[in-house]
Amino acid sequence: MYHLECIECRRKYPETEVIYTCTCGGLLDVVYDYSEINLTKKDLKAPLSVWKYRALLPVSMEPVSLKEGGTPLYRVDRIAKSTGMKEVYVKHEGMNPTGSFKDRGMTVGVTKALELGMKTVACASTGNTSASLAVYGAKAGVPAVVLLPSGKVALGKLAQALMHGAKVLSIRGNFDDALKLVRDLCDREGFYLLNSVNPYRLEGQKTIAFEIADQLGWQAPDRIILPVGNAGNITAIYKGFKELKKLGFIDSVPKMTGIQAEGACPIVKAIKNNAPEISPESKPETVATAIRIGNPVNAIKALNAIRESGGTAETVSDEEIISAQHELASVEGIGVEPASASSIAGLRKLVEMGIIDTDEMVVCVTTGHLLKDSEHVLAVCPKPIEIDATIEAVRKAVFMK
Ligand SMILES: Cc1ncc(COP(=O)(O)O)c(C=O)c1O
Ligand SMILES: [Zn+2]
């Protein structure tokens, strides 16, 4: 009912083959026989979850699941007002089991690893992927190996990877170096690679699109805005919306709008320069460590998603990211990590630039939870006020300007 297909040379591979990229070097897609999928809105009455959309997911065995997906879609009228928009929503992916959207990809990817008979799973990560892989590896009873850029992973993510029992390797290099190494390791040792170059990961992540349309009453928003690092998520969400359109669930596909940090923005540069591919950046740097990536592996797919959907890509500064993180937390009660706040910072900037029309219905995806990166919070928020344990001291401090 489905197979893998190269996006460059169209070569097909059976789903039973352990392969991540085509022999020509091209990225692979999971392609279904859509004429065989008889899915109607009536079949989708169950509560939201990744596995609700099982008819469009490439696994047959019982999934390795911790009840991922089903994340809230909040209407954020105060953010809308402050940006001059009419209708803005936040899809808060930080509400997944490990606190990021990666769980959608991992429940599918780790289940696929078991189906393919793989004995060890591995990934490189800016943090969230490693946390998620550690958890789903634990749930599946399969050892997990994770390679992290030394000193550049938020503490909450590192804590998760360690506590859930992954073998954690801290690489003296950046994420791009770690990804190159883990790909080599998987080839040599027969470990199953669960970075987003693995097309099964993206199949799980496309359920973000399914849920957004579902939550909006089977309607697509005009635009999706999300942070872009290795560029898997923007690709996956676009595929999800395209599949819904193909199956007649929605009439249009949103403009895919990717946001990167000024210090790590190869996709934005390629879009602005109308270049067919990205020029990798060797020294990516940003406070948003989750998207501190200079050579996104899914760049070709992401550029296509942005261009084909009529979307765009824009950079935001670290200051704009932190300010958006504060605003979302304090006026809407939504706590997100810095990378995730870039979608709100990007919305503001693109409205100010006149690129986003104020009448558009926009969904910003916030990819990870605030508590992932509490060190950063302590660095950018005022310190707690330490006082004596007396009512006088408390009253004085409460009313202190
Ligand atoms: C919180 C967060 N946001 C965004 C991203 C970027 O996603 P992608 O690599 O799929 O572009 C990541 C990836 O690690 C992440 O952890
Ligand atoms: Zn090929």
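In each ligand, atom 1 is the first atom listed, and ligand 1 is the first ligand listed. Only this structure's heavy atoms are used, side chains among them; waters, hydrogens and symmetry mates stay out. Counting from 1, the numbers follow the sequence of the chain as shown.
A salt bridge between Glu285 and Lys152 is present, with a side-chain N of the basic residue lying under 4.0 Å from a carboxylate O of the acidic one.
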_Intermediate values then yes/no, salt bridge (charged side-chain N to carboxylate O under 4.0 Å, His left out), Glu327 and Arg348_ = CA-CA 12 Å; Glu327 184 181 6; Arg348 179 176 302 286; 2.6 Å; yes
*Just do the salt bridge (charged side-chain N to carboxylate O under 4.0 Å, His left out) check on Lys269 and Glu281 with the steps written out, would you?*
CA-CA 11 Å; Lys269 282 187 191 146; Glu281 295 179 9; 2.9 Å; yes
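Residue pairs meeting the side chain to side chain donor-acceptor pair (under 3.5 Å) criterion with at least one member in residues 205-221, sequence neighbours excluded, are Tyr32-Lys206, Lys52-Asp214, Tyr53-Asp214, Lys91-Glu211, Lys91-Gln215, Arg104-Thr207, Arg104-Glu211, Arg201-Gln205, Glu203-Lys206, Gln205-Asn233, Lys206-Glu243.
Contacts between Lys372 and ligand 1 below 4.0 angstrom, taking non-hydrogen atoms only, are absent altogether. Heavy atoms of Ala290 found under 4.0 angstrom from ligand 1 belong to the backbone as well as the side chain. With a 4.0 Å cut-off on non-hydrogen atoms, Asn230 touches ligand 1 through its backbone as well as its side chain.
Closest to atom 16 (O) of ligand 1 among all protein heavy atoms lies Asn128 ND2, 2.7 Å.
Any protein N/O/S atom under 2.8 Å from the Zn ion (ligand 2) was counted, giving 4 altogether.
Each of Lys12, Lys301, Arg10 was evaluated against Asp29; a single residue qualifies, Lys301, per the salt bridge (charged side-chain N to carboxylate O under 4.0 Å, His left out) test.
Annotation for ligand 1: atoms under 4.0 Å from non-hydrogen atoms of Gly232 are 8 (P), 10 (O), 11 (O). Of all atoms in ligand 1, numbered sequentially from 1 with element shown, those under 4.0 Å from a heavy atom of Ile291 are 4 (C), 5 (C), 6 (C).
Within the 4.0 Å heavy-atom cutoff, Lys102 counts among the residues contacting ligand 1. Proximity of Ala231 to ligand 1 is established by a heavy-atom distance of less than 4.0 Å.
The shortest N/O to N/O separation between Ser196 and ligand 1 does not fall below 3.5 Å. Among the atoms of Val228, none of the N or O lies under 3.5 angstrom from an N or O of ligand 1.
Closest heavy-atom approach to atom 10 (O) of ligand 1 within the set Thr367, Asn233, Ile259: this belongs to Asn233.
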